[in-house]
Chemist: 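Have a look at the structure that comes next, please.
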Amino acid sequence: MSEEKTQPVSHFIKEIIKKDLEDNKNGSRVHTRFPPEPNGYLHIGHAKSICLNFGIAKEFNGLCNLRFDDTNPVKEELEYVESIKEDVRWLGFDWEDRLYFASDYFEQFYQAALQLIKDGLAYVDHLTADQIREYRGTLTQPGKPSPYRDRTIEENLALFEKMKNGDFEEGECILRAKIDMASPNINMRDPAVYRILKASHHRTGDKWCIYPMYDFAHGLEDSIEKITHSICTLEFEDHRPLYDWFLEKLNVFHPQQIEFARLNLTYTVMSKRKLLRLVKENIVSGWDDPRMPTIAGLRRRGYTPEAIRTFCEMIGVGKSESTVDLALLEYCLREDLNKRAPRAMAVLRPLKVTITNYPEGKVEQLEALNNPEDESMGVRMIPFSRVIYIEQDDFMENPPKKYFRLSPGAEVRLKHAYYITCDEVLKDSSGQPVELLCSYDPATKGGWSQDGRKVKGTLHWVSVDHAVDAEVRIYENLFNKPNPEDAEEGKDFLSNLNPNSLEIIADSKVEPGLMEMPARTSLQFLRHGYFTIDPDSKNGKLVFNRAVSLKDTWAKIQRNTSE
RNA sequence: AGCCGAGUCGUCUAACGGUAGGACAGCGGAUUCUGGUUCCGUAUGUGAGGGUUCGAUUCCUUCCUCGGCUGCCA
């Protein structure tokens, strides 16, 4: 595992913390938390938050908790809890013994609610949900008080007790904070504190039938854990006055909420709701489909934790809504894997080549460098013989200008092997080349020529008799618009799905040494890109995912000249 | 419309009253047994107006644009 070379960059949150440290606020303690709701898989946007929270703790000698914000039993599941733990660990972060659940605090939340009632700051409201909406007013008009707003403390206490005991049905009543129905901030117009949910919770079972709302619970969770800096995304900015109100009225330890802009990526949707739809509607194969921006998907695709961490460092942290170019993520992966991934030769779309002047039955073991960027990764031996496969794209009968590859009469280098010249093209009835007859120069063994003669093209290849079959999965963006939400009138993001986001090449040929490699090994297929061995691989049947292609200058030239 | 927040190269992000810088993407070139890597070079930016100041991306002000907020979701 290599260390990120990207140095931590400062940003406004770190500046706030540095100042707090200077002022000796919180006894110079820094304690953050990552508080996912277990209602879906983590995605690259969460990675930003994880890197931020755990990264800050590390940089300032503080601590970071992993806390599940599981206050809504109808949406949350154990499967998600497990996947989240796995993903955070995989990203390289350690919460040590500080794994917490909001549901562990339910009793404390209940006591706090009681306190609010006793202080005349909360009441049980029997308005229906529709009525509450009506009474709340609008963005421009103040709300009006509920007729139940002035129930006595004793009455509220008794009613809340009944709520807790299950004497009311869902929706019959709620507990509300008594704040200000005319506040310009709608969150302050007597927000809900507790609602009745007769659902079984994945951790507390049927012990409770009332569940606290986020605004009430979250600050208390932070307070209980003595969090110093409660970092969340921008949409909670309007909730901060409420966050502060609860903590102040309850007179408990008061963490500081700080909001930052969530990550958006081009060609990607990031909301859990939409990702859930892709999964539920079988548009992708699951949460870990390599086209998903989930941590599980990126992992299966072949992304490394190092690349993701570097990316999160490079994008910065700010308060303005922004959309990062997917190309930056890809750059981070290439940069990481270029240094670390062993090279291998894989022919994705094979074209047979017979080297007519190479002895039949002869096999040579040729030496190949595993990684030119890191000689300590050593060498391997690759079998060479009379009949080999090259890439179909590496031959053209009528090549355009600047085509360096094989064509009739042209000479190219076979990587690590010999120079060959194409003498004859054998075609099928439709005119498609099916086999090339070539001759090799025995004096160029290893890919060198003594006479200083140069060849422009170098091709990868595999020996037909030694090659191993493989399935290769080529991924493109799941969406064909930079902003998938940019859909026609009346259509949604699904109308922007890229029909070519997955291409399966079933009959590729790879060099034999890859048989021994374990799943999830990252490799560079020479001249193709970075690939990883998919867990679907079975004995005798390798499956590779392309994580990201190599930069392809030739493809770019072709694109530019065709325009 | 009310409240809150945000506007700096194409994108992301620095500059905290004193030379608008970096990264990615782009373009051009060199090197190369990967049309990869590496190296070198290059273009593009402070939303608009007014003010304060010797000096404004930075402070004030008006406007404009964008985002969030009217769940018993988080």
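Order of the sequence lines sets the chain letters (A, B, ...), proteins ahead of strands, with each chain counted from 1. Below, each value reflects all heavy atoms present in this structure, side chains not excepted, and no hydrogens, waters or symmetry copies.
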Chemist: Taking only residues two or more places apart in sequence, or in another chain, which ones meet A/Ile382 in a side chain to side chain contact (heavy atoms under 4.5 Å, CB included)?
Modeler: A/Met345, A/Ala368, A/Arg380, A/His416, A/Trp461, A/Glu511
Chemist: Rounded to whole angstrom units, what separation is found between the CG atom of A/Asn338 and the C1' atom of B/U37?
Modeler: 5 Å
Chemist: Not counting sequence neighbours, which residues clear side chain to side chain contact (heavy atoms under 4.5 Å, CB included) with A/Thr458? List them please.
Modeler: A/Arg413, A/Lys415
Chemist: May I ask you to evaluate whether A/Thr553 reaches the phosphate of B/G36, defined as a side-chain N or O under 4.0 Å from OP1 or OP2?
Modeler: yes
Chemist: How far does the P atom of B/C39 sit from the matching atom of B/U44, given to the nearest Å?
Modeler: 24 Å
Chemist: OP1 or OP2 of B/A74 less than 4.0 angstrom from a side-chain nitrogen or oxygen of A/Arg195, does that happen here?
Modeler: yes
Chemist: Who pairs with A/Arg527 by side-chain hydrogen bond (donor to acceptor under 3.5 Å, both in side chains), at least two apart in sequence or on another chain?
Modeler: A/Asp394, A/His460
Chemist: Salt bridge (charged side-chain N to carboxylate O under 4.0 Å, His left out): which pairs involve residues 265-274 of chain A, sequence neighbours left out?
Modeler: A/Lys274-A/Glu485
Chemist: Using a distance-only criterion (donor-acceptor N/O pair, under 3.5 Å, no hydrogens), is the base of B/U34 paired with the side chain of A/Gln524?
Modeler: yes
Chemist: Classify the side chain of A/Glu373 versus the base of B/G36 as yes if they form a donor-acceptor pair under 3.5 Å and no if they do not.
Modeler: yes
Chemist: What's the gap between B/C69 and B/A74 when it is taken at their P atoms, as a whole Å value?
Modeler: 15 Å
Chemist: How would you list, by chain and number, every residue that makes a side chain to side chain contact (heavy atoms under 4.5 Å, CB included) with A/Glu367, sequence neighbours excluded?
Modeler: A/Val379, A/Met381
Chemist: Using a strict 4.0 Å threshold on nitrogen-to-oxygen distance, state whether A/Lys14 and A/Glu59 make a salt bridge.
Modeler: yes
Chemist: Can you name the residues that form a side-chain hydrogen bond (donor to acceptor under 3.5 Å, both in side chains) with A/Ser200, not counting sequence neighbours?
Modeler: A/Asp206
Chemist: Please produce a list of atom pairs where a protein N or O lies less than 3.5 Å from an N or O of nucleotides 40-48 of chain B.
Modeler:
none

Chemist: Can you find a donor-acceptor N/O pair under 3.5 angstrom joining the side chain of A/Arg334 to the base of B/G36?
Modeler: no
Chemist: Just to be sure I understand: a Watson-Crick pair is purine N1 to pyrimidine N3 plus N6-O4 or O6-N4, both under 3.5 Å. Using that and G-U wobbles, which stems of three or more pairs involve RNA chain B?
Modeler: B:2-7 with B:64-69, B:10-13 with B:21-24, B:26-30 with B:38-42, B:47-51 with B:59-63
Chemist: Between A/Asn560 and B/C27, does any side-chain N or O lie under 4.0 Å from OP1 or OP2?
Modeler: yes
Chemist: Could you pick out which residue, A/Thr140 or A/Pro372, lies toward the 5' side of RNA chain B when each is mapped onto its nearest nucleotide?
Modeler: A/Thr140
Chemist: Is there a side-chain polar atom (N or O) of A/Lys454 under 4.0 Å from OP1 or OP2 of B/U32?
Modeler: no
Chemist: Mapping A/His11 and A/Leu139 onto RNA chain B by nearest heavy atom, which one lands closer to the 5' end?
Modeler: A/Leu139
Chemist: Would you tell me whether A/Asp190 and A/Tyr123 have side-chain atoms, one donor and one acceptor, within less than 3.5 Å of each other?
Modeler: yes
Chemist: Quick check for you: among B/C73, B/A6, B/U70, whose closest atom lies nearest to any side-chain atom of A/Lys319?
Modeler: B/A6
Chemist: Quick check, are the ring centers of A/His202 and A/Tyr80 under 6.0 angstrom apart?
Modeler: no
Chemist: Would you kindly give the NZ-to-C1' distance between A/Lys456 and B/U34, to the nearest whole Å?
Modeler: 14 Å
Chemist: Which residues pass the side-chain hydrogen bond (donor to acceptor under 3.5 Å, both in side chains) test with A/Asp87, not counting sequence neighbours?
Modeler: A/Arg299
Chemist: For a side chain to side chain contact (heavy atoms under 4.5 Å, CB included) with A/Phe311, tell me which candidate from A/Asp336, A/Leu265, A/Leu333 qualifies.
Modeler: A/Leu265
Chemist: Closer than 4.0 Å, any side-chain N/O of A/Tyr331 to the OP1 or OP2 of B/C24?
Modeler: yes
Chemist: Evaluate whether the aromatic ring of A/Trp554 and the six-membered ring of the B/G35 base sit under 5.5 Å apart, centre to centre, with an inclination under 30°.
Modeler: yes
Chemist: When you measure from every atom of RNA chain B, which of residues 130-137 of chain A have a heavy atom less than 4.0 Å away?
Modeler: A/Ile132, A/Arg133, A/Arg136, A/Gly137
Chemist: Measure CZ/A/Phe12 against P/B/C16 and give the value in whole Å, please.
Modeler: 18 Å
Chemist: Classify the side chain of A/Asp238 versus the base of B/G68 as yes if they form a donor-acceptor pair under 3.5 Å and no if they do not.
Modeler: yes
Chemist: Does A/Thr71 have a side-chain nitrogen or oxygen under 4.0 Å from the phosphate oxygens OP1 or OP2 of B/A74?
Modeler: yes
Chemist: The criterion is side-chain hydrogen bond (donor to acceptor under 3.5 Å, both in side chains); which residues satisfy it with A/Lys280, sequence neighbours excluded?
Modeler: none
Chemist: Answer yes or no: does a side-chain N or O of A/Lys551 lie under 4.0 Å from OP1 or OP2 of B/U37?
Modeler: yes
Chemist: Using the ring pair (Phe, Tyr, Trp, His ring centres under 6.0 Å) criterion, which residues pair with A/Tyr530? Sequence neighbours excluded.
Modeler: none
